[in-house]
Protein chains: 2
Amino acid sequence: MKKLTMKEIAKLANVSQSTVSRVINGKEGVNEKLAKRVLDVINEVGFVPNKAAQTLKQNQSYIIGVCVTETYNPYFVELIDTLESVARNYGYNILLHNSKRNPILEWESMENFVSRQVDGIIFVPTSDYNFEKIRKLPIPVVIVTQNHDEFDSVGLDHYKAGQMVAEKFLFANHTTFGMIGNKPDEKFFGFRDTLAENSFTFEMDNYISIQETSSNSFMIRKDIETYLECITDLPFSSVFTTNDLMAMEFVKAIEERGIKVPEDISVIGFDDTILSKMMGISSIHQPIEEMVKTTMKILLDRIENKVSSSKIQIKLEPTLIERKSSRLK
Amino acid sequence: MKKLTMKEIAKLANVSQSTVSRVINGKEGVNEKLAKRVLDVINEVGFVPNKAAQTLKQNQSYIIGVCVTETYNPYFVELIDTLESVARNYGYNILLHNSKRNPILEWESMENFVSRQVDGIIFVPTSDYNFEKIRKLPIPVVIVTQNHDEFDSVGLDHYKAGQMVAEKFLFANHTTFGMIGNKPDEKFFGFRDTLAENSFTFEMDNYISIQETSSNSFMIRKDIETYLECITDLPFSSVFTTNDLMAMEFVKAIEERGIKVPEDISVIGFDDTILSKMMGISSIHQPIEEMVKTTMKILLDRIENKVSSSKIQIKLEPTLIERKSSRLK
DNA sequence: CTGTTAGCGCCTTCAA
DNA sequence: TTGAAGGCGCTAACAG
């Protein structure tokens, strides 16, 4: 079966091409009989209009470029899935790229988005490396899962999440605290500050640093093992991790060493993904659906209005989901 | 920053638009000085050509439509990720859809692919519901992870996988066998036939049926609970599951009932995903990279040659990855 | 209410 | 070696 064009539909239906166009786009003022004849032909031969031509003509592609940093973390998979569904409801397609935390790939993705004439971009930055260039893009951009002043962004109140975890640990009578992450960030500050307000000092020796490049389970595990090999006893009885992957690998690593969760140590992860669910690890939940819907709404506003008003930052509320990995000490 | 066109680049570089086009596409026979002038302008203003226009003109989009049935199973996530990488290396983009095992959504995706002028389609069928229509599509199509006579397809030798698992269980002295899946399929037949060859009959009562619509952990778990509630003792000491999600939910369900893996029962899953890795469940490994590369090669061949030769079916070799969930009885 | 026409940005003959 | 011109499929004035 060959690809059909409106011209051929027009010939088959014995009308002009513009009439076919009008029928397809539901413009009013078309004779009912003619319209029916056209629709019959379309259904019979299974015609669908050429979106490349529409894009060219209308200067609008109905594509949204999405760039994430990884897919090892199921959290991002759910994010992508939700983005696709929500976009579909608005008549948009998703063009997906994975920067793999590589700024070069990230910029390539952005250029490809421009080239493909996407109407807007939603992305999870890998760093601020490309920010200057991205800000100059002739397309609206919204950052998701993180907040940045120079962009429209929809994230989580990470500081508050850190506070919540600290409060939980304090309430459970813990007096020693650890953290696992790539580097100190908002959730760390929330965690540390709350401890400080309660007269506890967070010892930086208790910060287990995971390399930025360690995205999959295996590499995270390696970084954790490196830490564990350097110590004799775990110097903390509670630990907060930057994501569920880290929580999971930590739990597996210490259990192999005979340390029990939650008897010996309480663990709280982040993202509330299938990983923490299946391992029974407490975790900070992010409202993905709300996040995606908000992001999409902001982006569509920008696409339609094209007015430049000041950038908007939205921080959603975290929730702590308690499972069996944390308890009173 | 506004979107630029070749015309404007041409003006800036003081050449004709066709010269800009020639430079961009690396056509030979352009004066070096001119070419440099053009490239300088392009780099300076960051011009990227409009792919919608190229697609229209060249009747080729360099997009491949990909439709999967779900993303709950991390196996498909890895598949998508690999597809994106491999496609990118060939200069192609991926247009991703998730049919969610819904034939209506599946067909919508196909129509969208046609509309978007994709050069080829790679998909995981949700059923044979749309096969007739899909076969008539004016675009080459390859099925992945499953084999079907009427299409080019790249899958796994599921029958052999079933055989391998049966052999493993037999070798470990098991005499009672269970299976968990949506419905009897090739891997079931391989499993059952091999048992039969060794004088064991597979009891259909031991087939735990998961509804086709139960794709996420929660729903799978519910189907398993329903089964477990109907029996007093587990009538088998070894069980083979259609995917790792099912294996994982089964293990969690029976452990809550005090049944121990592998002491009381051996479990072997399918797909060798992060789920079986983290739970220590033995599983059948699928060579995703090889599968994706093969699929892409076949598709690109079809795109380029446009010759119709007979359809090709490829079945890759399964491998059994042994972990702690299976052992000698 | 319907058809004719111009043009979106690009590539590709064709002519110079 | 370079430029001018036509046309890919579609939409949207404009004319009838």
Side-chain angles (χ1 to χ4, degrees), chain A residues 2-39 41-42 45-63 91 111-112 114-119 138-139, chain B residues 2-39 41-42 45-63 91 111-112 114-119 138-139:
Chain A
K2 206 183 133 295
K3 272 180 211 166
L4 291 163
T5 69
M6 276 194 185
K7 213 162 128 188
E8 305 175 77
I9 302 300
K11 203 180 295 173
L12 288 172
N14 232 325
V15 295
S16 77
Q17 198 217 37
S18 18
T19 299
V20 178
S21 173
R22 286 188 187 104
V23 172
I24 284 181
N25 295 297
K27 308 274 181 193
E28 44 200 315
V30 180
N31 182 297
E32 273 194 35
K33 263 196 206 141
L34 270 199
K36 188 175 176 331
R37 211 160 76 208
V38 171
L39 284 175
V41 173
I42 288 176
V45 300
F47 169 77
V48 279
N50 182 330
K51 284 234 197 300
Q54 290 181 322
T55 299
L56 187 60
K57 177 72 195 174
Q58 312 188 105
N59 203 26
Q60 179 159 23
S61 62
Y62 290 95
I63 298 178
E111 288 193 312
N112 190 48
V114 176
S115 181
R116 290 281 180 199
Q117 311 298 110
V118 303
D119 298 333
I139 303 171
Chain B
K2 206 183 132 293
K3 272 182 212 168
L4 291 163
T5 69
M6 277 195 186
K7 213 162 127 188
E8 305 175 77
I9 303 299
K11 203 180 298 174
L12 288 173
N14 232 324
V15 296
S16 76
Q17 195 218 39
S18 12
T19 299
V20 178
S21 172
R22 286 185 187 107
V23 171
I24 285 181
N25 294 296
K27 306 276 182 193
E28 44 199 316
V30 180
N31 182 297
E32 273 194 33
K33 262 194 209 145
L34 271 198
K36 188 175 175 333
R37 212 160 76 206
V38 171
L39 285 175
V41 173
I42 289 176
V45 301
F47 169 78
V48 279
N50 182 328
K51 284 234 206 273
Q54 291 180 323
T55 299
L56 187 59
K57 179 71 197 177
Q58 312 187 104
N59 203 26
Q60 178 158 24
S61 62
Y62 290 95
I63 298 177
E111 288 193 312
N112 190 47
V114 176
S115 181
R116 290 279 181 199
Q117 310 298 111
V118 304
D119 298 332
I139 301 172

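In what follows, every chain begins at residue 1, and chains take the letters A, B, ... in the order their sequences are listed. As the structure is a computational prediction, the values presented were derived from the model and not from experiment.
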Gap between atoms CG and C1', on Asn25(A) and dT11(D) respectively (whole Å): 8 Å

Nearest-angstrom distance from the residue atom CD of Glu32(B) to P of dT1(D): 10 Å

d(CG, Asn59(B); P, dG9(C)) in whole Å: 20 Å

From dC8(C), dT11(D), dG3(C), nucleotide with atom closest to Ser21(A) side chain: dT11(D)

Heavy-atom donor-acceptor pair, Asn25(B) side chain to Lys27(B) backbone, under 3.5 Å: no

Nucleotide of dC10(D), dT2(C), dC10(C) approaching Gln54(B) most closely (side-chain heavy atoms): dC10(C)

Distance in Å, Gln60(B) CD paired with Gln54(B) CD, rounded so as to fall on 0.5 Å steps: 10.5 Å

Spacing between Ile24(B) atom CD1 and dT12(C) atom P, to the nearest angstrom: 13 Å

Out of dG3(C), dG9(D), dT12(C), whichever nucleotide has its closest atom nearest the side chain of Lys27(B): dT12(C)

Derivation of the side chain to side chain contact (heavy atoms under 4.5 Å, CB included) call for Arg116(B) and Ile63(A): CA-CA 10 Å; Arg116(B) 290 279 181 199; Ile63(A) 298 178; 3.4 Å; yes

Integer-rounded Å distance: dG9(D) P and Gln60(B) CD: 15 Å

Of Arg22(B) and Lys7(A), the one whose closest DNA chain D nucleotide lies more 5': Arg22(B)

Residue mapping more 5' on DNA chain D - nearest nucleotide basis, Lys57(A) or Asn31(B): Asn31(B)

Phosphate-side-chain proximity, Gln58(B) and dC10(C), N/O vs OP1/OP2 below 4.0 Å: no

Nearest-neighbour nucleotide for the Ser18(B) side chain, dT2(C), dT12(C), dG3(C) considered: dT12(C)

Residue Thr5(B), side-chain heavy atoms: nucleotide from dT2(C), dG9(C), dT11(D) that is nearest: dG9(C)

Donor-acceptor side-chain pairing of Ser21(A) and Ser18(A) below 3.5 angstrom: no

Ile42(B) CD1 - dG9(C) P separation (whole Å): 16 Å

Out of dC10(C), dT2(D), dC10(D), whichever nucleotide has its closest atom nearest the side chain of Thr19(B): dT2(D)

Any N/O donor-acceptor pair, Gln17(B) side-chain to dC11(C) base, under 3.5 Å: yes

Nearest-Å distance for atom pair NZ/P, residues Lys51(B) and dG9(D): 20 Å

Donor-acceptor contact present, side-chain Ser61(A) to main-chain Gln117(A), <3.5 Å: yes

Minimum-distance nucleotide to Ser16(A) side chain [options: dG3(C), dC10(D), dT12(C)]: dG3(C)

Short side-chain N/O contact from Asn50(A) to OP1 or OP2 of dC8(D), under 4.0 Å: no

Rounded distance in Å - CG (Leu4(B)) to P (dG9(C)): 11 Å

